[in-house]
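The structure appears below as structure tokens.
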2 protein chains.
Amino acid sequence: MTETSSQTEGSPVGAALDDAPVETRVDNRTLWEQVREKLREDILSGSLAPGTVLSEVALAESFGVSRGPIREALGRLAAEGLVTIKPRRGAVVTELTRDEFIDSYQVREALETLAVSLAIPRMGPAEVDELRALHRQMVDHAERGEVNAFFEANAAFHDVFIKASGNRRLAEMYKRLLEQTARYLAHSLALRGSLGKSIAEHAAIVEAVEAGDADSAARLMADHIEVPQRLEETDEHPVPPDQPVTNTNEGT
Amino acid sequence: MTETSSQTEGSPVGAALDDAPVETRVDNRTLWEQVREKLREDILSGSLAPGTVLSEVALAESFGVSRGPIREALGRLAAEGLVTIKPRRGAVVTELTRDEFIDSYQVREALETLAVSLAIPRMGPAEVDELRALHRQMVDHAERGEVNAFFEANAAFHDVFIKASGNRRLAEMYKRLLEQTARYLAHSLALRGSLGKSIAEHAAIVEAVEAGDADSAARLMADHIEVPQRLEETDEHPVPPDQPVTNTNEGT
DNA sequence: TAATTGCCGACTGTTGACAACTGACAGTCA
DNA sequence: TGACTGTCAGTTGTCAACAGTCGGCAATTA
């Protein structure tokens, strides 16, 4: 949000091609930005599992830079919630306990609800078509049991609302929460109960969108939020309580 | 959220007094943490107005430390949204444009809505009494035109729900948004239209809470969100569009 | 005069070294 | 044997210096 890598306007020289950057731009990013990006990728992809200790000296050697940029990168990632820093104790890839996961999940859903109610008055036929297409994809993937593809389409489905909401801060915070929780796909699934239920709920939302009914669409979205809450009240523990949940993102 | 300043458990030595720290604890915080805290105070209090440039060398001299801790502190504050860092250009106290302010405002209200629906099933008589008391305070302050006192009670009112929600991540994000927007109290007021309306809405919420009706309470809260939206559609500009809004937190 | 080019000061980005702290281990004593 | 204390390696926190980049200003040229 803050450190905008100032998008420069088109340069006058060589303005022929318009799909790729004409002059392969020099990497103007600072070292710590590059480090941060690489570390983020590794964390999100699962190469760095939750709980992995991130030693400054080790990382510095690995990246071939001094400890300064490493510290900077770790600090930013800590602010994003991807790593956890304990003063004088070092950095660790953040582990979410079951409760923390549910907390994030609830907030994420609340943001989605807001996105829906903001987006609907702003959506045109193109966006509605996109929603329909994505919904159909999700149905297909669910029938074939393609969980990962399902979640991908699901994410795209929700992203339509986020983008259409026109609220940039919302988009940032949503993205951040998504990154934090995306590593625990399996548990997200456990919370949802079944793909079928998710699909049914989304179908209802699409209908409301087509009708331009912001209120019921938002209401439908809001009903999601109570799912993890109920799970908390009952004794069905999808993850052992207060136990770190570990990454299960293997095997496609 | 991440850097927990590990609350140490009670030491066995000198466990007589229980209200103040028995052994005046050594300041175990790192330098950059102290710098961050001081800068945050200054920004929130308005001593550092939005747009103020924060030079590393100047701050380093001012604090009597080297640039390292300053950089660290600025980086964290940037991640929190209180300062804006442009690579190789330096740090500036964040200025919110009108649109950015509205964006944050909407997200904040969404989080409050979530807080209400989560909190109500968890609230006991004590919390309800607290709500009633705070509501009465707000009525009094509004009648006397004590705007700042009103907002203080208002903040406490909302904080009851946030705390009672039991969702720590929600609490963190809410606090962060509050800090970002709190410096623009006057504009918050402009968005709201009048204190009276705010009070009426809160009264309705208190009633719903007393009835334990989570759904309508959340619905009442959610209705707030559309206020800034409508203002955006109409041509009433409480702040010039795309103009940085400046601090008006003087007086009292 | 207007636009371009080169220079310059000031600032940030990065580095390597030093200092302080932490947790663990081994040794000592009751 | 058990608890306490001192030491130690490894780590992070901090510092001061160097190098690179940015925007502004002045000199130059058409």
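Worth saying up front: this structure is predicted, and the values here are computed from it rather than measured. Proteins come first, then strands; the chains are lettered A, B, ... in the order of their sequence lines, and each starts at number 1.
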| query | Going by modelled atom types, is there a donor-acceptor pair between the base of dG13(D) and the side chain of R67(A) at under 3.5 Å? | reply | yes
| query | Rounded to whole angstroms, how far apart are CD on E72(A) and P on dG13(D)? | reply | 13 Å
| request: With the side chain of E56(B) defined as its heavy atoms from C-beta on, choose the nearest nucleotide among dT11(D), dT14(C), dT12(C). | output: dT12(C)
| field | Donor-acceptor contact below 3.5 Å, side chain N167(B) vs main chain D103(A) | value | yes
| query | Between dC15(D), dT14(D), dT15(C), which nucleotide gets closest to the side-chain atoms of V65(A)? | reply | dT15(C)
| said: On DNA chain C, compare the nucleotides closest to R88(A) and S66(A); which residue's is nearer the 5' end? | reply: S66(A)
| How many Å lie between CD on Q34(A) and P on dG13(C), as a whole number? | 13 Å
| task | Establish, with yes or no, whether the OP1 or OP2 oxygen of dT12(C) is under 4.0 angstrom from a side-chain nitrogen or oxygen of R71(B). | result | no
| remark: Here the distance between atom C1' of dC11(C) and atom CG of L74(B), to the nearest Å, is 13 Å
| said: Just the rounded figure in Å: distance from C1' of dT21(D) to CG of L31(A). | reply: 13 Å
| remark: Residues I162(A) and A115(A): closest non-hydrogen pair is CD1-CB, 3.7 Å
| G68(A) near the nucleic acid: base, sugar-phosphate alone, or nothing, with a heavy-atom cut-off under 4.0 Å? | base
| Okay, side chain of T181(B), backbone of Y105(B): is any donor-acceptor separation there less than 3.5 Å? | no
| To the nearest Å, how far apart are R76(B) CZ and dG13(D) P? | 9 Å
| said: I need the CZ-P distance between R89(A) and dG10(D), as an integer number of Å. | reply: 16 Å
| query | Looking only at heavy atoms, what is the nearest atom pair of P87(B) and E33(A), with distance? | reply | CG-OE2, 4.0 Å
| Do you know the tightest heavy-atom contact between W32(B) and P69(B)? | CB-O, 3.2 Å
| query | Roughly, in whole Å, what's the span from CZ in F63(B) to C1' in dC15(D)? | reply | 17 Å
| remark: W32(A) atom CH2 is separated from dT15(C) atom P, nearest whole Å, by 14 Å
